[in-house]
Structure formats: structure tokens, C-alpha cells
Amino acid sequence: MRKRIVAGNWKMNKNFLEAEELVAKVADALETRKLKNTVVVLCPPFPYLELATDIACEAKFSVGAQNVYPDDSGAFTGEVSPVMLESMEVEYCIIGHSERRKYFHESNEFLALKLNALLKHNIIPVFCCGEVLDERNAKKHFKVVEKQLTESVFHLKKDQMAQVVIAYEPVWAIGTGVNATPAQAQEMHAFIRGLIAKKYSKKLADEISILYGGSCNAKNAAELFSNPDVDGGLIGGASLKEDDFMGIIDSL
Ligand code: 13P
């Protein structure tokens, strides 16, 4: 059954005490919520993963990392491996975020390696895709997303594909306060689901969670999530405050 997911991508924010406080607040707020078929994921920076997984084992959220290196171990100064994440009981990992594509020049081919590495270690990849504004204005957004999925994801076998979560994050909507309209989100999500159906099967496509990300907040979440192919959100700025984040979770 398709899961509904709200994941908070904290990006490079919060000091240790602030992180402790936010994790505790979200855990408290979730305690009284009934989360039927809904998964909440917190993706703090690497140094705070352990404090999050410590609390997560008794709370109603899972923990995700924001990045991973595709090798198990070795001389890769500053990198974090899937073995490390798995050993810390990190369940999810974001890959392909546009900020990593832009600032760290991560290619579709490199992301395919990360995807394989995560699946090998039983970590659920949250694979981000999305177009920049020029590409949308040139009406190339479907082509761009198709290329990202074809080159990074569609080499997977059916049983591997079933583990993957997709996040559609139009780059022009990230951190700008301009979210995709519910119709734009639905159109792209249906397109992505159609590609998965064509490559694999309709049954598999129907089971995959496709999240929306980009200026999603407590005010616009309900309308975005009401679309049949929008299965939740990958939340940046609004995941940094407990009230805003809970407002989004309550919209699902
Ligand atoms: P904002 O919610 O801050 O626009 O960020 C979205 C995002 O990049 C989540 O990964």
C-alpha cells in the first residue's frame, strides 16, 4: 500500500541544543497524533542523527540522512557511508537534492551509484528530481525529470524500485515562497507515476510514494496533498519550526 510521508529536510541548520529541542518537540507533538499509514521522517544534519535515532526508537517518527557516499568505506575524507547510516538505524536518505546537484556537481550517473549503495544497505532512498525555472519556461520540465529518472533510477530491478520514494522538487519553488500550484504538482506527479508504470508496471507505480517539495507550508499543504498523486511532502524551511511542521503533518 502506498505510504503517505512528510519528511523534514533540515538542510544545514540548527546547533546541537536547538536540534535536541526540535527533535524533542516533534516527538512530543506526535505522541498524541494518530498516524494511520502516514510516516514522519526527520532528516537532520549528520552530527545530529544519533540524537534523533535515540529518540525515534520510542517515538512516532523515522530518521533520514541528507546525503551518503556510494562506497562502504575507504579514503574519502569527510564523507559518510551507507554502512555507517545502516549501523545507526537511519532508515531513509535523501539523494539528488538540487542543492547537491548545483553546489557539489552531482551527476545523474553518480546518483545512480548512491541509490544502489543505499538499497544494498536497506536504507530507503528519497530520490529528488525537478527542473529549474528556465527549463519550465521552455516547457522542458517533463523531459528534464524523465532524464533524471532514466539515468539515475530506472536501471533498478522491480523489487528494488519498490523501495524507492520519489520527491518532485521544482528548483524554482525551493526556498522561494513560490510553491508549484496544486495542478502543476499533480500534473508532474501523474507524469512520474506514468513513467514508472511504463517502465515497470501499473501496480508498482501505484505503490510508490511521490512527495512534493518546494515552499510547502502549513497553509498550502492541504491543497497540495489533496491531489491523488501527491503522497506527502519533503519540507525544508517549514520543518525547522515544530508548529509549522506539525501543521503540515496535520494536513495530510
Ligand atoms: P523549502 O521547503 O524550504 O522550499 O525547501 C524544500 C526542499 O528543498 C526540501 O528538500
Side-chain angles (χ1 to χ4, degrees), residues 4-14 18-19 22 26 39-46 48-49 52 61-68 90-106 111 114-115 118 123-133 135-136 141 144-145 148-149 152-153 164-182 184-185 188-189 192 209-225 227 230-252:
R4 294 172 70 73
I5 302 172
V6 175
N9 175 9
W10 290 11
K11 307 192 181 181
M12 196 176 71
N13 290 293
K14 305 279 179 196
E18 291 164 349
L22 182 55
V26 172
V39 181
V40 175
V41 186
L42 299 187
C43 305
F46 285 132
Y48 312 145
L49 284 174
F61 66 83
S62 299
V63 177
Q66 297 175 18
N67 187 28
V68 70
V90 169
E91 289 177 70
Y92 290 78
C93 182
I94 299 168
I95 55 168
H97 195 283
S98 63
E99 288 147 18
R100 297 219 53 96
R101 291 176 190 266
K102 179 174 175 192
Y103 301 124
F104 303 98
H105 314 293
E106 295 191 358
L111 295 173
K114 291 189 179 204
L115 192 63
L118 289 173
I123 299 166
I124 301 170
V126 179
F127 179 82
C128 303
C129 54
E131 79 285 357
V132 300
L133 189 57
E135 291 164 338
R136 177 161 281 264
H141 43 299
V144 168
V145 168
Q148 290 170 338
L149 290 167
S152 300
V153 181
V164 176
V165 173
I166 307 280
Y168 170 56
E169 298 208 312
V171 182
W172 47 271
I174 295 177
T176 59
V178 181
N179 58 288
T181 64
Q184 286 172 325
M188 182 58 88
H189 285 222
I192 293 170
S209 304
I210 306 178
L211 315 183
Y212 168 77
S215 297
C216 183
N217 57 40
K219 287 205 180 87
N220 60 28
E223 213 188 335
L224 284 159
F225 297 166
N227 288 286
V230 180
D231 306 311
L234 181 54
I235 316 301
S239 72
L240 296 172
K241 287 199 193 129
E242 173 245 338
D243 286 354
D244 293 346
F245 192 51
M246 293 315 298
I248 295 172
I249 293 165
D250 290 340
S251 306
L252 202 57

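For ligands, and for the atoms within them, numbers begin at 1 and follow the listed sequence. Residue numbers run from 1 in the order of the sequence given. Every value quoted in this text rests on a predicted model; they were computed, and no experiment measured them.
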Tabulate below the donor-acceptor pairs under 3.5 Å that side-chain atoms of residues 244-252 make, not counting sequence neighbours, or state none.
unit_1 : atom_1 : unit_2 : atom_2 : d
D250   : OD1    : R33    : NE     : 3.0
D250   : OD2    : R33    : NH2    : 2.7
S251   : OG     : G247   : O      : 2.8

Is there side-chain contact between [X] and [Y], with at least one heavy-atom pair below 4.5 Å?
X    : Y    : value
H141 : Q184 : no
V63  : F61  : yes
Q66  : F46  : no
V68  : I123 : no

Short version for A173: what comes under 4.0 Å of ligand 1, heavy atoms counted, is backbone
Record the part of I174 in heavy-atom contact with ligand 1 below 4.0 Å; permitted values are side chain, backbone, both and neither.
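Looking at I174 and ligand 1, atoms from backbone and side chain both fall under 4.0 Å.
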Nearest non-hydrogen contact to atom 5 (O) of ligand 1 from the set Q66, H97, K11, E99 belongs to K11
Which ligand 1 atoms are under 4.0 Å away from a heavy-atom of [X]?
X    : value
N9   : 9 (C), 10 (O)
S215 : 1 (P), 2 (O), 4 (O)
G237 : 1 (P), 2 (O), 3 (O)
G214 : 4 (O), 6 (C)

- Under 3.5 Å: N/O of G175 near N/O of ligand 1: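 Yes, G175 has an N/O under 3.5 Å of an N/O on ligand 1.
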Is any N or O atom of L234, backbone or side chain, closer than 3.5 Å to an N or O atom of ligand 1?
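No, no N or O pair falls under 3.5 Å.
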For V165 and I5 the tightest heavy-atom approach is CG2-CD1, 3.8 Å
- Y212 and N227: CA distance, side-chain angles, deciding distance, side-chain contact (heavy atoms from CB on, under 4.5 Å) verdict: CA-CA 11 Å; Y212 168 77; N227 288 286; over 6 Å; no
Worksheet item: Can you list the residues that meet the side-chain contact (heavy atoms from CB on, under 4.5 Å) rule with C128, with sequence neighbours excluded?
Response: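 Result, side-chain contact (heavy atoms from CB on, under 4.5 Å) vs C128: I94, H97, A167, E169, L234.
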for atom 7 (C) of ligand 1, nearest protein heavy atom and its distance come out as E169 OE2, 3.2 Å
for atom 2 (O) of ligand 1, nearest protein heavy atom and its distance come out as G236 N, 2.9 Å
